[in-house]
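Keep in mind it's a predicted model, so treat the numbers as computed, not measured.
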Number of protein chains: 2
Amino acid sequence: MVTIKDLAQQLNLHHTTVSKALRDHPDIKKETRDRIKALAIELDYHPNVLAQSFKRRTSNTIGIIVPNINVDFFSTVISAIEDVVYDAGYTIMISQSNENFHREVLNAKTMLSNQVAGLIISVSRETQTAPHLTNLKNNGIPVVCFDRVIADVSLAKVVVDDYQAAFQLTEYLIQKDYTTIAHLGGPNMVSVSVDRYQGFIDAQKKHALPVHEQWIKRGGFREADGFENMNATLSQPPLPRAVFAVNDQVAFGAYGAIKKLGLSIPDDIAVAGFGNLMLAQYMDPALTTVAQEPAEMGRSCAKLMLEAIQNPVKQTRGKTVTIPTRLIIRAST
Amino acid sequence: MVTIKDLAQQLNLHHTTVSKALRDHPDIKKETRDRIKALAIELDYHPNVLAQSFKRRTSNTIGIIVPNINVDFFSTVISAIEDVVYDAGYTIMISQSNENFHREVLNAKTMLSNQVAGLIISVSRETQTAPHLTNLKNNGIPVVCFDRVIADVSLAKVVVDDYQAAFQLTEYLIQKDYTTIAHLGGPNMVSVSVDRYQGFIDAQKKHALPVHEQWIKRGGFREADGFENMNATLSQPPLPRAVFAVNDQVAFGAYGAIKKLGLSIPDDIAVAGFGNLMLAQYMDPALTTVAQEPAEMGRSCAKLMLEAIQNPVKQTRGKTVTIPTRLIIRAST
DNA sequence: ATGAAAGCGCTAACAA
DNA sequence: TTGTTAGCGCTTTCAT
């Protein structure tokens, strides 16, 4: 690998001169600068970014931690983040928590050790406190949480208004005359589960509908969880007229359980999800759901991060951006 | 951020002693080592990985370049890579070429500048030569290509036998008595397009079926490309009895075009894809396709890379790993 | 306009 | 067993 010293030697200059020239420092006169740059190209010089970052005590890398890359929502967010930060000269470093708090803490440590310029994270379902994140903040590294967030005022956040979206969706169901509605919820302590659940409850209260405990289930975010919980619901009459699932995967699981009994969607039981996975439109029947605009979330995360990096003082403390959702009505309701 | 010098000072030791102790160097006696480690934990010391990598002249980062993270196939591969290399102490740095050769070259340069320990790449559809990759090789950085590869003997590769899989799928169609088969192909110069096409052709030749030029289309990898090319095929009678699409997305586009005319799949025209996206099983009718085992590909890429890093001499030059495929027969044929 | 000196945090070779 | 010296490639400050 050719270094600035190699360039300097060949041109009988000092390496500091070369360093300045390559960065267009006004000290160096145009002619010298041109000679240096020409040789740099000729010898295929690449700056050692590690050395630069080391010296600057911060890198051009933005860390991202998600439960799993291989989830449409997360990969779309990440893709959008990369698109934006790339244009600003940053690269992204990714790790997966695999929904494991301990691993998430290790990931955060690695990000710190790697002197990332900032961290964008959607926390694992086990994560309930944020010392590993505030630790980064305390070391001057801005943190942006998205989607699944932690209630900590010092962290910037990009979220959808899960409560509002769930409220709106539930009202729509009620207005369609589905007055008995079951809920297939997510894990207890995850912010999105809680907020969607609360929106669901409050919409029913607003319309003076009784909430039936036996129609409220909790579980995971996966198809299998939806299948299992829907089976449980179906085995305890009376049956609800509609089901609101915490996300689309869970709704797909519910489809399986309902169809297995030979019941019709939506004639016997209507189903609504949350997230608008690509699959949702192709299901039979197509699934009513809430679009979350993950690309928009990613862009917001990236912008917020770049802002925080450029503004290390105020660091957009606790700033929260809410991305609008869209109710998408399809044949399943 | 606390450094080894801080630790050294507090313990009245030299920082090199601390450095050795933290790395369990046998020079340092157990008692001193324990004192040092205890203080390191107490002060929440984190090694500056950038400084370490800078010194070692290589990082613990493995670069990944893909056309787009937000494609189920790629995100699954990446997820598997991360799982494997994480256990070996590596992190991953990702960038997207967005199917653009120029950007891919820049990405590769960035990876080089960042002193990545290795690069794993699936090339853009515009990429036909590999100087940017051999350049990395020449700088001692191992390169592993996967799925979409470049014919260059010096690069390690992880692929599926696209030719063989397409051949097998085509034979299956023929054996089902679909004797007139159209092809919705991918871009001209991409390895997977070419190989799948050739398998398709050769299987027909083997069974002495004539190949009709008007049933061979070329295009992109997206749903819209499939829709467009299928429309073109449908507008020029006679119609084929079956269609083999270069991938599942293109097959989905074909579904749209066929259904729009009120034709039935598979009664009027059978459809087969390639890739086994999650969607494929949910389509109506469920899509016959070829499973590619992306997670398996990812694990192979990671293993090959770790091997190459540990073995910088032979560097697994041009070694090729072929991942088996599975023909998945569903209702669309 | 250019050069010299110093140092970022760490490790390796050598000295005590 | 511990300490000293030197240097990775780069940038910043100060001298020439």
Rounded to whole Å, how long is the line connecting atom [atom1] of [X] with atom [atom2] of [N]?
{"X": "B:D24", "N": "D:dT1", "atom1": "CG", "atom2": "C1'", "answer": "16 Å"}
{"X": "A:N114", "N": "C:dG9", "atom1": "CG", "atom2": "C1'", "answer": "14 Å"}
{"X": "A:N48", "N": "D:dG7", "atom1": "CG", "atom2": "C1'", "answer": "14 Å"}
{"X": "A:N139", "N": "C:dG9", "atom1": "CG", "atom2": "P", "answer": "13 Å"}
{"X": "B:L22", "N": "C:dC10", "atom1": "CG", "atom2": "P", "answer": "9 Å"}
{"X": "B:I4", "N": "C:dG7", "atom1": "CD1", "atom2": "P", "answer": "16 Å"}
{"X": "A:D34", "N": "C:dA1", "atom1": "CG", "atom2": "P", "answer": "14 Å"}
{"X": "A:M1", "N": "D:dC8", "atom1": "CE", "atom2": "C1'", "answer": "13 Å"}

[N] phosphate, OP1 or OP2, under 4.0 Å from [X] side-chain N/O:
{"X": "A:T17", "N": "C:dG3", "value": "yes"}
{"X": "A:H14", "N": "C:dA4", "value": "yes"}
{"X": "B:R35", "N": "D:dT2", "value": "no"}
{"X": "B:S19", "N": "C:dT11", "value": "yes"}
{"X": "B:K5", "N": "C:dC10", "value": "no"}

Checklist entry - Counting side-chain heavy atoms from CB outward, which of C:dT11, D:dG3, D:dT2 is closest to B:R23? => result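 For the B:R23 side chain, the nearest candidate turns out to be C:dT11.
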Item to check | Worked verdict on B:F73 versus B:M297 for side-chain contact (heavy atoms from CB on, under 4.5 Å) | outcome: CA-CA 10 Å; B:F73 176 74; B:M297 286 194 93; 3.6 Å; yes
Checklist entry - Which residues in residues 49-61 of chain A have at least one heavy atom lying under 4.0 Å from any atom of DNA chain C? => result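 The stretch gives A:F54, A:K55, A:R57 as the residues lying under 4.0 Å from the strand, ordered by number.
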Item to check | Residues in contact with DNA chain C, drawn from residues 37-45 of chain B - heavy-atom cutoff 4.0 Å | outcome: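 DNA chain C contact set from residues 37-45 of chain B: B:Y45.
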Could you list the donor-acceptor pairs under 3.5 angstrom formed by side chains in residues 32-42 of chain A, with sequence neighbours left out?
{"unit_1": "A:D34", "atom_1": "OD2", "unit_2": "A:K30", "atom_2": "NZ", "d": "2.7"}
{"unit_1": "A:K37", "atom_1": "NZ", "unit_2": "A:D24", "atom_2": "OD1", "d": "2.7"}
{"unit_1": "A:K37", "atom_1": "NZ", "unit_2": "A:D24", "atom_2": "OD2", "d": "3.4"}

Item to check | First of A:V2 and A:H25 reached from the 5' end of DNA chain D, by closest nucleotide | outcome: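 On the 5' side of the pair lies A:V2.
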Going by atom types only, do [X] and [Y] share a side-chain donor-acceptor pair under 3.5 Å?
{"X": "B:S79", "Y": "A:N68", "value": "yes"}
{"X": "A:N100", "Y": "A:S124", "value": "no"}
{"X": "B:D147", "Y": "B:S122", "value": "no"}

Item to check | Axis-to-axis angle between the two ends of the helix from C:dA1-D:dT16 to C:dA16-D:dT1 (five base pairs per end, rounded to 10 degrees) | outcome: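 Angle reported: 50°, given to the nearest ten degrees.
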How long is the span from the [atom1] atom in [X] to the [atom2] atom in [Y], to the nearest 0.5 Å?
{"X": "B:T127", "Y": "B:F101", "atom1": "OG1", "atom2": "CZ", "answer": "5.5 Å"}
{"X": "B:I78", "Y": "B:I64", "atom1": "CD1", "atom2": "CD1", "answer": "5.5 Å"}
{"X": "B:I92", "Y": "A:Q96", "atom1": "CD1", "atom2": "CD", "answer": "6.5 Å"}
{"X": "B:I94", "Y": "A:T91", "atom1": "CD1", "atom2": "OG1", "answer": "11.0 Å"}

Next on the checklist: Within the 4.0 Å heavy-atom criterion, would you say B:N12 contacts the bases, only the backbone, or no part of the nucleic acid?
Outcome noted: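 Here B:N12 touches the backbone only, sparing every base.
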At a cut-off of 3.5 Å, list every protein nitrogen or oxygen paired with a nitrogen or oxygen from nucleotides 13-16 of chain C, distance to 0.1 Å.
none

Checklist entry - Counting only heavy atoms not in B:M189, do more than 12 sit closer than 6.0 Å to its CE atom? => result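 Count not over threshold, so no.
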Next on the checklist: Tell me if the CD atom of B:Q9 is crowded by more than 12 foreign heavy atoms within 6.0 Å.
Outcome noted: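 No, not enclosed.
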Checklist entry - Okay, side chain of B:R56, backbone of B:T58: is any donor-acceptor separation there less than 3.5 Å? => result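 Pair found, side chain donor or acceptor close to backbone of B:T58.
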Next on the checklist: Taking atom types as they are modelled, would you say the side chain of A:H15 forms a donor-acceptor pair with the base of D:dT11 within the 3.5 Å cutoff?
Outcome noted: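 Indeed there is one.
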Checklist entry - Cation over ring, B:R103 on A:Y86, under 6.0 Å and within 45°? => result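 Flagged: B:R103 positioned over aromatic ring of A:Y86.
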Item to check | Results of ring pair (Phe, Tyr, Trp, His ring centres under 6.0 Å) for B:F146 - residues two or more places apart only | outcome: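 Counting only residues at least two positions away or on another chain, B:F146 forms no ring pair (Phe, Tyr, Trp, His ring centres under 6.0 Å).
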Checklist entry - So, A:E99 and A:R148, do they make that salt bridge, N to O below 4.0 Å? => result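 Salt bridge flag = yes for A:R148 with A:E99.
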